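All remarks here apply to the structure that follows.
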Amino acid sequence: MSKPKVAFFDFASCEGCQLTVVDALQTHLDLLDAVEIVQFREAMTEKGEDYAVAFIEGSCTRPSDEARLFKIREQAAVVVALGACAHLGGVNALKNLHPLEDVRQWVYGDKAEWYETYEARPIDAVIQVDAVIPGCPIDREEFVRVVKALLLGKKPPVPDYPLCVECKLKENVCLFHLGKFCLGPVTRAGCGAICPTHGDGCEGCRGLIPHPNENAMKDVLAEAGLTVEEAVARFTMFNTYQVKDRMVEEEAK
Amino acid sequence: MTDSIYVPEMARLVDVRQMTTAEKLFTIELPGGRNLGHDPGQFVMVSMLGVGEAPISITSSPSRSNGVFELCVRKVGDVTNAMHALQPGAKLGIRGPFGHGFPIEKMRGKDVLFAPGGLGLAPLRSLINQVLDERGTFGRVIILYGARRPEELLFKDELDQWVARDDVECRVTVDRGDEMWDGHVGVITTLFPKVTINPRNTVAVTCGPPIMYRFVLMELLGKGIPETQIYLSLERRMKCGVGKCGHCQINSMYCCQEGPVFTYAQIKGVEEAL
Amino acid sequence: MTTVKIDVHHLTRVEGHGDIVIDVQNGEIKTCRFEVVEAPRFFEAFVRGRSYLELSHITSRICGICSVGHATASLRATENALGVEPSEQTVLLRKLNFHGELIDSHVLHTYYLVAPDFLGVGSVIPLIETHREVVERALRIKKLSGDLCAMIGGRHTHPVALTVGGFTHFPTEQELRDMQQRLIDARADMDVTVALFATLPWPEFERETEYVSLHKDDEYAFIDGTIVTSDGFSYPISEYRKVTNEWCVPFSTAKWTKHNRDAYMVGAMARMNNNFDQLHPRAKEAAAKLGLKPLMTNSYLNSAAQVVEMVHCIEDGIEICDRLLTRGIQPEKPVEPATLSGEGAGSCDVPRGILFHNYVYEDGICVRANCIIPTNQNWANVNADMQALLPQIIDKPQDEIRLAMEMLVRAYDPCISCSTHLLNVTFV
Amino acid sequence: MSLWILDKGAIAPFVEGLMAEYRVVGPKAKGPQFAFGDITDPAQLRLDYNITILPPKKVLQPQYERLATFTLGEDPQVEPTIEAGPTVLFGVHTCDLHAIRLLDKAFSEEYPDAHYLKRREQTIIVGLECLEPCDEHSFCKSMGTLTTDEGYDLHLTDLGPAYAVDVATEKGKTLLSQYGTVREATDADIRRLNEVLGAKWPRFTYRLDFDAAELPALLSTAYDHPLWAELGERCLACGSCTNVCPTCYCFNVTDEVNMHLTAGERLRRWDSCQLDEFASVAGGENFREARKARQRHRFFRKGKYIYEKFGELGCVGCGRCIRACVANINIVDGFNAIHGTA
Ligand SMILES: Cc1cc2nc3c(=O)[nH]c(=O)nc-3n(C[C@H](O)[C@H](O)[C@H](O)COP(=O)(O)OP(=O)(O)OC[C@H]3O[C@@H](n4cnc5c(N)ncnc54)[C@H](O)[C@@H]3O)c2cc1C
Ligand code: SF4
Ligand code: SF4
Ligand code: SF4
């Protein structure tokens, strides 16, 4: 079997996910035996254009990004969204909570019109995405698992169940028992419950599970002492793009 | 042999036949040509190592085993995709047979009405062929088979033989025909008015997609067949096949152990069953 | 007469998107600059409205390479704003975590991004075949530093356990002991690293500029201290604007800065120029082997200075482990804020140079924020260097010019993704 | 078999001795709570614990477990892996002892599970008599699990300065004689033991409004009870209730391969009937799509289905699911509500 050619691309992001890919090599140098990397700007100069698998990091934040995305989609047989920015919009989408003009002027002042920008969005808002590797940043081991699944022609093994499952299986003390807050019950697992394990509530970086009981989650947060605004703010840290419409609807009510 | 119930035995794929665009027929031989020793309606857990495991009904009849058995598999996901990529000679893991199949002894002397829909013919075929091989011990044999389109009909050669036989009343229908199709058109339930039966002496056997059950059951009950004489084969997610993993539970019943064949009486009113 | 046209679209082996544009017509330099084309991300605008507890988690996402640095600077800004004095244990753990990130970032830069230039290849990947032991050593050091970060912060990139006033999770003493041993074992790898980089033919190029960094009298400053410049200026962190003076240029989504001259430099070389005395003795030995001593004025040597800093951080890391183990790890609760309103600035000298975060809070909610990233502070200097270098090499083949320019920009270890979200807020 | 007295001071040397030969697993502090874990220093053992986050089930059926390894290629081979070693499970409360008995049945009936049974066979259980309720959520008295005379090899009862040790099996006897410094119980000790056991009962309260034996019958009338819809509204479907339950044993099985796709392993992981996809099949059908149906399934499993299969209730009253549920779904309140409206 010839090695599949893969390429990495980045849009608005911190490049932490690509860095995590580089990190994955520390323990999985054999990744390089299994795939041929033809483009990875962060780590190499060569630029091959004959890739079959495209890993895309980052959100689409300006109209000119779209053309680049279309081009990638046209070439790649498989497009994988790498990390929360690409999968959800991530922290980039926090700016969508403010009027766009205000955001531009706040940062660039009277030079605002020099810099192109629009509402930050996940990649699948622009092109079809075949698989996602969630997380901010992605989980090293999950990245490797997904690569292996792609090699096998299997569905990527990204869990659909909530974080509480992993957290409980690790036997962590639940943060709600410590008087803290956590989005674990509505957030997709797969990170090994890394935040609760380190004493901090899940912030939802892996996105919501398929049928989250958002109302019950808000009730739980309220009972734990958050105001409605605070509870909503917790949802928006990484999922603004997903929950914003619903927030607007609810406010209208 | 292994001492773990979860570890498959590596069997050899003897033959693969494309049946429709989505389904293939796999002929499989256990090590040493050992007989699988199954009852009609039982299933095996098929392992594609590295990919996973899936329950698949044995479609061949125990009466025709010849040291091999057959599976008719639709390509829908990981395991079935991997199976469809196999070439004859390949190895695949088999555990089983598991579950309770059709109680053929209880059917002897009775009229048997088969009502498979689509891929539902796969599990029923093992029973149909055994009944036909022991034809003398049964009353009437009626087969009402429906598929969505002519090209989705399974086991076409056998269907033709059944239709041709004098001792079998076999009718086939498709939801939508095409220019080549000169048979019956309509959903499977439109075949029912065409047969008259003696309900007391008839056993009905059906298998198909969940939506089909509701309508077929209405017909069967409408014909007066007792609930204890209607058999269905149900599909559930299964991770062990041996009554442990919990996925296949229908209320208190483990589909893999008590089923996959149930009488309508067993599942009637069970909200989770159909 | 020479005509050169170079347009390196999306310079590789750097973090983020930037283009080198050179246009020389008949010997006359029309354009010679580095353009930042990274998509702006607007952090300062969207952290408004967020809780003080979230700020370090959000701003760590400015940069995946120096997320610990951003988180730490952010925490210091918040703590200064809200009257929080972190405990000694917190200070030690943060420093240790910071060292982990610095080693990680420097090994990435020196081994993965810079070394291929000297070995004549386009990336680290071919080196796996030709220089396997070099790659394996790099991976080893990188894994060590990543594991060090994960031991304290919970994961390598975007630390979890760092919070305002302390930590939400602590390493066990056993973990610390094991880590200390690994740091000690890494000395061997560092010796070979120093020897390797001592053999590299650094390009010759001198251009003296102003060097800006943090400074402490009693230690090599990475977190807190005062801002000092090689031109003799010194400011408290809260007056960082007197140094940074930001301005926008049309071809760059990142802003530029200037202080006493038109440009200044930050980063490993700047730190070493200003704080050479505070380096660990073993790091000074390494510097001697690499032929480095203040005042260094060849920007290419920034990468060599990073090697010296790696040695320093490993040695200091070993000592910090000692101090923590002697004290014993206490599961301290984070220090609560004294007030929920106020303004504060925080600063760290992160791998790429001095970094500032500055927030204003009202009732625990951020209402204004400003972050000034090291790479931005270097842009003006990068361009000044490019313009100084070009006439010296203008007669060389275009490919050589291109490579020299790429290497020059890369020597700054620019982190372009972090540098594109700046703002001019006038604090009133 | 017989009763012995082990001074509290002799616990540490006893455990120390065990550690040399066995993996010793016992309750340890985990932040403000407790968890069973490997004892590497007798001082870690917290026999004063109230309840652990996960039940000791995890020693017999680990959260993640390798079932088999395999090689791929022309002639693929698969080998079972049974990971078991000599283990002492130390300090198991009585409700959990009842639960282990139930698991023993579940894993040995019809198709015996060699993976579980091998570990079970290699595990020596030291029980610990509960003298007061773990906390406000315990309802062991209602479930009849607040004491037991089987399911352990040794059983400790705290008599103040010493433990009374009930020796129930040969294995227990050997263990005690090899590593324990004990003396035979005197009549006075036995009197003291009876006093202690007698005094514990009033400290526990009945929390079910009815006799637990009525549960299966009660539930047969409650399939369409409005409670399920109410719970379905509140339930987050996070699976915590079943993951902490000592009698839940459902699992999922997945394969992992190496990078070269030449070999791999088959793994099993705890699964939960509360999760969205648990009962879904190819074609998109989900047979328990609604959260209310999943909650009902849990209640029925605990109060009826398991009983029908094994002759014992599937709930031992440990209260872990109540503690774990962030949405405050309470199985006691649920059962009582059904009883109240039946
Ligand atoms: C007793 C029995 C007998 C059977 N007999 C046959 C037979 O004879 N022939 C036959 O072809 N099939 C038969 N089946 C069905 C067969 O077992 C399934 O189609 C099979 O499990 C599919 O496995 P897979 O790995 O290929 O698919 P999977 O990869 O499991 O996926 C199948 C489909 O389900 C979806 N899916 C997967 N996981 C989830 C999830 N978590 N949530 C929602 N959707 C999901 C996928 O998207 C895909 O479309 C039988 C089933 C049973 C229980
Ligand atoms: S800490 Fe969070 S993820 Fe863990 S169990 Fe509690 S709510 Fe779930
Ligand atoms: S623990 Fe509570 S919220 Fe979670 S699945 Fe169980 S009942 Fe639902
Ligand atoms: S159902 Fe709840 S109370 Fe009963 S045994 Fe399980 S976890 Fe404990």
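Predicted, not measured: the structure shown is a model, and the values here were computed from it. Values below: all heavy atoms of this structure, side chains included; hydrogens, waters and symmetry mates excluded. Residue numbers start from 1 in every chain, and the chains themselves are labelled A, B, ... in the order their sequence lines are given, proteins ahead of strands.
Proximity to chain B (any heavy atom under 4.5 Å) is shown, for L117(D), by neither the backbone nor the side chain. Contact annotation for L72(D): only side-chain heavy atoms (C-beta onward) come within less than 4.5 Å of a heavy atom of chain B. Within the 4.5 angstrom heavy-atom criterion, only backbone atoms of E74(D) (N, CA, C, O) approach chain B. When heavy atoms are compared at a cutoff of 4.5 Å, K304(D) does not approach chain B at all. Looking at Q249(B), the atoms closer than 4.5 Å to chain D (heavy atoms on both sides) sit in the backbone and in the side chain alike. Residue contact with chain B, scored on non-hydrogen atoms closer than 4.5 Å, involves the backbone and the side chain of E277(D) alike. Only the side chain of D224(D) comes within less than 4.5 Å of a heavy atom of chain B; its backbone N, CA, C and O stay farther away. With a 4.5 Å cut-off on non-hydrogen atoms, M238(B) does not touch chain D at all. Both the backbone and the side chain of D113(D) come within contact range of chain B, each with at least one heavy atom under 4.5 Å from a heavy atom of that chain.
Y305(D) and F300(D) have tilted rings, their planes meeting at an angle from 30° to 60° on a 0 to 90° scale. Aromatic ring pairs are classed by plane angle as parallel below 30°, tilted from 30° to 60° and perpendicular above 60°; the pair F299(D) and F335(D) is perpendicular.
Counting heavy atoms from C-beta on, the side chains of V242(B) and Q257(B) never come closer than 4.5 Å.
Using a cut-off of 4.0 Å between Lys/Arg side-chain N and Asp/Glu carboxylate O, R101(D) and E312(D) are scored as salt-bridged.
Heavy-atom pairs under 4.5 Å with chain B were tallied for P112(D), A263(D), S280(D), A279(D); the largest tally goes to S280(D). If you tally non-hydrogen atom pairs under 4.5 Å between each of T80(B), L274(B), V51(B) and chain D, the highest count goes to V51(B). With chain B as partner, the option from T81(D), T71(D), V257(D), V281(D) having the largest number of non-hydrogen pairs under 4.5 angstrom is V281(D). When each of E109(D), R301(D), E285(D), R266(D) is scored by its heavy-atom pairs under 4.5 Å with chain B, the top score falls to R266(D).
Judged by the 6.0 Å distance and 45° axis criteria, R296(D) is positioned over the aromatic ring of Y223(D). Because its NZ or CZ atom is both nearer than 6.0 Å to the ring centre of F251(D) and within 45° of the ring axis, R268(D) counts as a cation-pi partner of that residue.
In this structure a side-chain-to-backbone donor-acceptor pair under 3.5 Å is missing from R269(D) to Y64(D). Remark: the backbone N or O of R288(D) is paired with a side-chain donor or acceptor of R294(D) at under 3.5 angstrom.
What you find for D175(B) and G186(B) is that their closest heavy atoms are OD1-O, 3.8 Å.
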